[in-house]
Structure formats: C-alpha cells, structure tokens
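Note that the coordinates shown come from a computational prediction; the quantities given were computed from them, not determined experimentally. In what follows, chains carry the letters A, B, and so on, assigned in the order in which the sequence lines appear, proteins first and then strands, with residues in each chain numbered from 1.
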Amino acid sequence: MSTSFFEFYCPVKVVAGFKALEHLPFELRTLGVHRPLLVTDRGVREAGLCAPVQEALESAGLPAPPIFDAVPPDSSTRVVAEAARVYRERGCDGLLAVGGGSVIDTSKAVDVLVSEGGDDIRAYSGTSVLTKRLRPLFVLPTTSGTGSEVTNVLVLVDADAGVKLPFVSQFLLPDVAILDPRMTLRLPPHLTAATAMDAMTHAIEAFICLSKNPLSDAYATAAIRRIADHLLPVLRTPSDAQGRLELSLAATMAGIAFSNSMVGLVHALGHSVGAVARVPHGVCMNVLLPFALEFNLPARREAIGELLLPLGGPDVYASTPAERRAETTIARLRALRDELHAHTGLPRTLGETRQVRRDQLPEIARLSVDDGALLMNPLDVDVDQALTLLERAF
Amino acid sequence: MKIGYGVQRVYVATLLGLLGELLEAASTTDPALRAELPGFPEGTVLCLSVLGGPAPLRLRKVGDRLVRLERDDPAVCDLELVFKHVTHAFLVLTFQEGTARAYARSRLVLHGDPALAMRFVRCLNRLEAVALPKFVARRALKSLPRLPWTEKVAVAARVYGRVAAQALRFAPEGAR
C-alpha cells in the first residue's frame with residue numbers, strides 16, 4: 001500500500017453571492033460580536049467600499065463600527081501594534097477586515113495580539129506558535145487573489161529589522177469570509193489581472209507541490225477553471241458582477257487549496273523579488289509562473305499536463321497528445337500572460353516591471369533558497385539554479 | 001514484516017543519537033555543510049524530536065560548528081521539527097521517506113522560523129547525500145545533488161572518521 005497521507009482543514013464559513021454583505025449582521029450575532037473593529041486602508045475607504053458595509057450593519061440596527069484605516073500596502077509590526085491599541089481603547093470584541101491581502105493579514109495579526117496578549121506581534125511569528133482560538137474574525141475581500149480569507153498564514157514586515165515575518169497556525173483561519181461582487185466591481189484592470197494570476201499560481205502550485213491531495217486538487221482545478229473562463233471577459237466588461245463573483249470564488253478556492261497543500265518555487269522566488277525590489281506579489285507570480293513550471297517539469301510532467309483540462313477545456317485537452325499536455329499547459333499560461341499584458345500592461349518579465357535590476361538577481365536567488373515555500377517544491381533548488389531561472393525571467 | 005512500536009522506538013533513539021554525532025562531525029569536516037552554518041545565528045538550538053518518543057536530537061550553533069547538547073541541558077529549541085509519532089520518525093530514519101515529504105504528508109510539524117528550517121533541512125539532506133549509498137539516498141531526497149563519487153567517499157570518510165575518533169576518545173579505557 002502507498003505510504004501517502006494527507007490532512008485537510010478549512011473551518012471558514014464562506015458566505016458568497018448576491019447580497020452577501022447583508023448576511024454580515026446575522027454572522028456577527030451568531031458569534032456574539034457586538035462591536036467589531038473595521039480594519040481597512042485609505043484606498044478602500046476612499047473608493048467607498050466601507051459605506052455599504054456600514055449601511056448593512058446600521059440597517060440591521062447595529063451601531064457603526066469603529067474604523068482603523070491606516071493599513072499600508074505592506075503592513076508592518078508597528079501598524080499592527082497601533083491597530084491593537086485602537087481595538088483595546090474602543091472596547092471591541094471582534095475584527096472585520098475590509099480590503100486586500102495586507103488588510104486581511106493585518107487583521108489576523110491584530111487578532112493574535114488582542115487574543116494572546118502583548119504588544120509585540122514578533123513574539124508569535126513562526127510556525128505553530130499560537131496556542132488557542134482567537135477572537136472572531138470576519139473578512140470581506142476587495143480583491144480576488146490572496147485567498148487570505150481562508151488561509152492559515154499571514155506575512156508582516158518587521159518594522160525594525162526590515163524583513164518579512166511569516167506566521168503559520170490553524171488559529172489564523174478567519175471565522176467567516178463574505179464574498180460579495182459589489183466589493184470587487186471597481187477593482188482596476190491591472191489589479192484584477194495581477195490578483196487573479198496570484199490566485200492562479202496558488203491553485204497551480206497547490207496542484208503540483210509535494211502536499212497535493214485529492215481534496216486540495218478539487219479546489220485547485222475548480223479555481224483554475226474559473227480564472228481561465230472569467231478573467232479575460234471581466235477585463236473586457238469590468239461591470240460583469242457574475243464574472244467578478246466567479247473570480248472571487250476562484251481566489252477563495254485557490255486559498256483553500258494552498259492552505260492545505262502549500263506553495264512552492266514560484267512563491268519562494270516571488271517573495272524574494274518582492275522583498276528586494278518591492279514588486280507587487282501578483283506581478284511576480286504572473287512573471288515567474290511559466291519559468292518555475294518549466295523547472296519542475298522533470299518531476300511533475302503528469303500533474304502539469306492534467307492542468308490543461310481546467311485551463312484549456314475538454315476539447316483542447318482531448319485533442320492534445322498526453323505527452324504534449326504539460327508543454328501545452330505552459331504555453332497557454334504564456335499566452336494568457338501575453339493577453340493580460342495587451343489588456344492591462346501587466347509585466348511579462350522581471351525587466352518589464354522596471355523595478356528589478358539585473359544586479360539584484362543574485363541577492364534574490366540567495367534569499368529564495370531560504371524561503372519556507374521551497375520545502376514543498378517537487379525539486380530542490382540551489383542558488384545557481386534559482387539564479388539561472390531568474391535570469392531567464394528577466 | 002511488522003515491526004512493533006517498541007523496536008521502532010529503540011531504532012529511532014539510536015538513529016537520533018547517530019544523526020547528532022554525524023551532524024556534529026560534518027559541521028567541522030564537510031565544506032558544503034559548513035557553508036550553511038553562517039545562516040544560523042550564534043547559539044541557535046536546532047531540535048529533531050518525536051512526540052512522546054525518545055530523547056530528542058538537539059544541536060547548538062557554537063562559533064563555526066554544531067555541538068550536541070547533553071540530555072540535562074535546559075536549552076530551549078529555537079527550531080524544532082517534531083514527528084507526530086514514533087512510526088513516522090521510523091519511516092524517515094529508515095530512509096523510506098525524506099524529511100520534506102514527511103512534512104508534506106503532515107507527519108512532521110515545524111515550530112519556529114521557516115528560513116531556519118530550510119537551512120536545517122539542507123544540512124540533513126547533505127548528510128544523507130554523502131553518508132548514504134546512492135540507492136538509499138535517492139529514496140530519501142527530492143533531488144540527488146551533483147556529487148562526484150570521489151568527493152562523496154572523501155567527505156563520508158572524514159565524517160565517519162571523526163565520529164569514530166570521538167567514540168574512541170570517550171570509550172572506557174579497557175575498550176580502546
């Protein structure tokens with residue numbers, strides 16, 4: 001018998017679809033939350049995305065929640081300490097994250113501090129450090145990419161040391177994720193594309209990395225199919241609410257998949273490119289995905305070939321000889337990347353980002369081999385191999 | 001053949017002890033493993049343990065080498081890889097399964113900084129690559145490193161030689 005084994009855990013209640021936002025008062029009441037701290041960023045607030053949340057609460061007789069809107073794009077330990085201070089001062093009893101990955105991760109970190117105690121979130125960094133359930137956390141994503149609403153991880157910048165701190169624990173899984181198309185309708189095209197490719201990468205790496213399992217595979221392929229079917233139509237018709245919802249569902253499914261099977265080389269490289277050159281995460285994923293798949297081809301030819309079915313549809317899959325499916329999958333991802341570039345200007349190479357210099361590549365390669373994501377990659381990667389791959393992607 | 005938990009426990013305890021000695025020896029004799037050591041802050045305590053199992057393997061970074069800790073040393077692990085059961089440790093320590101795959105299959109949990117874990121796992125992988133026959137190492141590792149057999153033999157001889165020398169130094173006088 002095979003020695004294979006897997007675990008799968010996702011206790012997050014997903015509330016998705018038409019008027020999903022209006023379910024929030026009920027969900028708060030169910031978990032006994034009366035005064036949540038609404039955590040967001042100024043961009044989300046100025047875009048008017050907090051207003052429908054407040055209206056949904058007030059229309060159900062709940063008071064307007066206190067708001068913390070000072071979350072930057074790369075949130076830090078200092079921001080978390082400040083938000084936790086506001087939470088305590090205002091006597092809050094739960095958290096409501098309205099925003100993208102940075103807002104959601106900040107909310108998780110605040111939840112750690114207000115539940116475990118203390119002011120220094122660094123004390124809880126690492127894997128499996130948290131010891132108990134946290135205060136209720138409700139997440140309303142305004143992008144369709146990170147999947148952080150259903151994952152057990154958060155990443156913060158250590159404001160003093162300038163390095164990224166990872167946190168991994170089952171207690172970081174939020175309680176409720178609310179997916180309402182109204183929250184992503186006004187997401188600009190380049191962000192729609194970049195975040196969708198982040199989700200695509202989550203799903204693909206979940207499907208090909210060492211921890212893949214039958215349940216995460218099901219979520220991953222469902223996510224890939226949705227992105228392949230809906231991303232370009234949504235870019236052509238940004239007001240397509242159903243398409244927007246499908247992309248949100250895809251990001252959530254990809255999040256569930258990778259939270260249970262982890263990611264690999266694309267993320268290891270992407271984290272390092274982001275740390276050194278400040279390239280947005282979704283852009284890194286879009287650029288690096290085909291190159292990392294080619295690297296992993298010797299170990300994962302069959303799995304990469306299977307992705308042609310959700311990516312290209314049954315006709316393409318059936319008409320492609322089995323031995324060519326893996327290369328065709330990568331070619332289709334390259335074609336998608338080119339179309340996204342044509343529609344939104346999303347960079348196709350590290351050079352096109354205009355943020356990465358060639359002389360930074362050795363440092364990026366060195367950082368990448370210490371990234372925890374690499375542990376789950378099907379093949380080991382040394383510094384020379386990482387550098388070669390980065391040179392190709394430049 | 002079914003191997004009972006008792007036998008597995010004895011085997012795992014023995015291998016953890018041997019692994020500690022090999023890592024300590026390799027940290028002074030193998031250039032590739034030594035190249036990983038600057039990545040560990042001074043005093044870092046690395047642990048490999050089994051839930052409810054035998055005494056854990058514990059190593060401390062001291063200067064430019066790794067040093068095994070005595071059982072009664074009160075040091076707290078900075079990085080700990082914990083097998084959930086002795087039978088999971090047995091799979092890895094009989095080289096039927098690699099460390100990364102054991103982690104992927106949730107037989108192993110990680111407490112601490114993932115970057116430290118990556119370096120520690122690379123040390124374990126390197127040791128397996130040089131100390132095990134190729135056909136065994138192939139099962140335990142994701143990728144076999146490019147390692148000429150001359151280098152493999154030379155490094156393995158230095159590592160095992162160092163362990164043997166240490167054993168002789170601490171052996172009772174009559175046994176030498």
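A salt bridge does not link B:R146 to A:D384: none of the charged nitrogens lies less than 4.0 Å from a carboxylate oxygen. The pair B:K84-A:E7 meets the salt-bridge criterion, with a side-chain N (NZ, NE, NH1 or NH2) lying under 4.0 Å from an Asp/Glu carboxylate O.
Between A:L210 and B:K142 there is a side-chain heavy-atom pair separated by less than 4.5 Å. Residues A:F6 and B:R105 have side chains not in contact (no heavy-atom distance under 4.5 Å, counting atoms from C-beta outward). For the pair B:R107/A:T3, a side-chain contact is recorded, criterion being any heavy-atom separation below 4.5 Å from C-beta on. The closest side-chain heavy-atom distance from B:H111 to A:T127 is not below 4.5 Å. For the pair A:V369/B:M118, no side-chain contact is recorded, criterion being any heavy-atom separation below 4.5 Å from C-beta on.
Residue with the most contacts toward chain B among A:A373, A:C209, A:G372: A:G372 (heavy-atom pairs, distance under 4.5 Å). No other option in A:P298, A:G126, A:S125, A:S211 has as many heavy-atom pairs under 4.5 Å with chain B as A:S211.
Contacts between A:P378 and chain B at a heavy-atom distance below 4.5 Å involve the backbone alone (N, CA, C, O). B:Q96 does not touch chain A: none of its heavy atoms, backbone or side chain, sits under 4.5 Å away. For B:A117, no part sits under 4.5 Å from any heavy atom of chain A, backbone or side chain. Of the atoms belonging to A:N213, not a single heavy atom falls under 4.5 Å from chain B. Both the backbone and the side chain of A:D380 come within less than 4.5 Å of a heavy atom in chain B.
Heavy-atom contacts from other residues, nucleotides or ligands closer than 6.0 Å to CZ of A:R133 number 12 or fewer. Shown here is A:E302, whose CD atom has no more than 12 heavy atoms of other residues, nucleotides or ligands within 6.0 Å. Atom CZ of A:F5 has more than 12 heavy atoms from other residues, nucleotides or ligands within 6.0 Å.
Rounding to the nearest 0.5 angstrom, the gap separating the CG atom in B:L141 from the CG atom in A:L379 is 12.0 Å.
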